[in-house]
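Worth saying up front: this structure is predicted, and the values here are computed from it rather than measured. A note on names: the letters A, B, ... follow the listed sequences, proteins ahead of strands, and every chain is numbered from 1.
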There are 2 protein chains.
Amino acid sequence: MTMSNTGGRRRPPTIHDVAREAGVSRGTVSRVLNGGHYVSPTAREAVDAAIRKTGYVVNRHARSLITGRSDSVGFLLTEPQEKFFEDPNFNVLLRGCTQALAAHDIPLLLMLAGTEDERRRITRYITAGHVDGVLLVSSHSGDPVAEELRKAGVPLVACGKPIGLGSKVSYVAADDRDGARDMVRHLLSLGRRRIGMVTGPQDTPGGVERLAGYREVLTEAGVGVDERLVVSGDYSRASGEAGAERLLAQAPDMDAVFVASDLMAQGVLSALQRAGRRVPEDVAVGGFDDSPAATAATPALTTIRQPWDRISNEMVRVLLAQIGGEDSAAVILPTELVRRGST
Amino acid sequence: MTMSNTGGRRRPPTIHDVAREAGVSRGTVSRVLNGGHYVSPTAREAVDAAIRKTGYVVNRHARSLITGRSDSVGFLLTEPQEKFFEDPNFNVLLRGCTQALAAHDIPLLLMLAGTEDERRRITRYITAGHVDGVLLVSSHSGDPVAEELRKAGVPLVACGKPIGLGSKVSYVAADDRDGARDMVRHLLSLGRRRIGMVTGPQDTPGGVERLAGYREVLTEAGVGVDERLVVSGDYSRASGEAGAERLLAQAPDMDAVFVASDLMAQGVLSALQRAGRRVPEDVAVGGFDDSPAATAATPALTTIRQPWDRISNEMVRVLLAQIGGEDSAAVILPTELVRRGST
DNA sequence: CATGCTTCTGTGAGCGTTCACAGTAGAGAA
DNA sequence: TTCTCTACTGTGAACGCTCACAGAAGCATG
């Protein structure tokens, strides 16, 4: 037994201790630790045993000092944080990324760039090389922090297609346009022809794409787009409610509505109910996201599921590849129509 | 093609470069960087200028290697993660801690101990000294990870009083018992006497304390506790709904109900509505948490606000103090009754 | 026998800091 | 003068690791 200190500070074993214990040199231990080429089976076994016996864990600081890598990545949120922290999708994303990184033994550093001061601090922290790469949640256009990171050559993967940034930024996104197309086709297949839409904000890629999908399908189907059937929202419940009211006023004959988020769709349901319209009999309602709000609503929402678990996995995969020297990449993942009571 | 120097990898300036630029030695630069005792004004000025000019940022790995500190802390969640990531309180807590730490220039590492594998990895990571301390979210009893960290002498601050752990673990909590007392007193002051309760899980400190407060006030007031008026829930919306149904069956004359979380209270509202009871006329409903669910409910919930922003700040303060060598501490923060339409 | 190749191992250097210590200069006291 | 004290500065030695390189051993080939 090594000397033990009651409940406190014990000097952790170093690679040196392991080498001595295994009867080999530091170099051999290091080789076993990384990759492990050119190591004899006997040496490897001895080292493994010594590691187990001593409880050795590599000192990442020492390693980072020489490799230049930090073996950690940042999860950067530059959006207004209240909004995102209330968003269940964001939570799934954060959780998914943390777990995907954990599988590679890479810790995730949570970075919230709210105030100007925080933005500066975080930018410096990242460009100084204290993380190897950044997972970026900042879908809206013209983000100065992201732009600066891009310029500094920091490996970067955005969630959702970044609007403001140069084309060289990697991103992973759900196929918003195709999802919207699916939903509108679904509504058409139910015989609806006066299909309204409550859009998302038009400075976000998702908002733009979902509207585009809506327009495309209606045009292709020969139904055409009636601009009185299109109103804009900001993904909030309240804006869905307001949007539905405007739609009912502008186009009382509306028989379906595609809402760009489930949360807004909840608001739409309230407004329709207040106006005495039955869902789905009078008006079919389609949401987007498949968030908890979708199942909590009455009736439960037909919606488009975004593959958040796959998105987080892909973001991590692409980021690690980029850290490894590969080129930037864009990954677009398919969505899925989930049919429930509202259509 | 490999990533070339077009916008990327330049060797960052070291303390050496700064020293040369300022015409002083490494030691002096280091002294300016930390604390800064025994540095002449001229030297300090020269160093500051050189730092600005070179854009120097300290290499944390090198620093950590010698100091033994990592200047980072972990935010550890050992609970089932789905549950927590859906909990708005958890999000506020995570955000608050991140920001409070950022003010000290300390990054937060998010650690999710879901699978057995992850638990082992995280325990090793932490006990190896890769973080200086841990903010712990694990209110339920008998957490093996937390216990191991405590034994290893890792600075630890829990959110909510940890049940299973030894008394030496620091924690910060809202005054659950006092909050519950406030709510029940409030209901009594409205003239209600048949006050039911839907409790939280009894293996969490919050669940226990809220029930205790309920019992205390009713006993003190001479009303007494009718066990048919007490049912247990698990903080989920569904369990609130089920609990209300049981209460209505066991005690149809119930004229108020204290629900241990807002989410459950939402379920209670649904059940009461279905049973034809008006809120608050027939049955007054009091929640706990003041989460978004409270204002989203109809009618809006009277509830007990937990001071989550203060909780996160205190957790960070206590943890940093403990890392600095101070003793463990327990901090209990007052709650606040928020009156809305449901009472 | 020398030469080359492959597979494996040990060694010294050095990554960028901090820290302990030694040293210097100037002021004041003996 | 000489000594002491204070205020400041410079210098090696670490910290624990990886990396490049030099060697050693085993085996086939010239």
Heavy-atom check, side chain of B:Phe75 versus side chain of B:Val137, under 4.5 Å: yes
With a cut-off of less than 4.0 Å, is there a side-chain N or O of B:Thr28 near OP1 or OP2 of D:dG10? yes
Please determine, by modelled atom types, if A:Ser70 and A:Asp132 share a side-chain donor-acceptor pair under 3.5 angstrom. yes
Distance, rounded to the nearest Å, where B:Tyr38 contributes OH and D:dC5 contributes P: 14 Å
Rounded to whole angstrom units, what separation is found between the NE2 atom of A:His37 and the P atom of D:dA20? 14 Å
Identify the residue among A:Asp71, A:Thr67, A:Asp105 that makes a side-chain hydrogen bond (donor to acceptor under 3.5 Å, both in side chains) with A:Arg60. A:Asp105
Are more than 12 heavy atoms from other residues, nucleotides or ligands located less than 6.0 Å from atom CD of B:Glu21? yes
B/S/- contact track for nucleotides 16-27 of chain C, protein heavy atom under 4.0 Å: BBB---------
Can you check whether A:Leu135 reaches A:Leu101 side chain to side chain, under 4.5 Å on heavy atoms? yes
So, B:Gln322 and B:Ser328: side-chain donor and acceptor under 3.5 Å apart, yes or no? no
Using atom CZ of A:Arg44 as one end and atom C1' of C:dT9 as the other, report the distance to the nearest whole Å. 14 Å
Whole-Å gap separating C1' (C:dC15) and CG (A:Asp71): 15 Å
Whole-Å distance, A:Asp17 CG to D:dC15 P, equals 11 Å
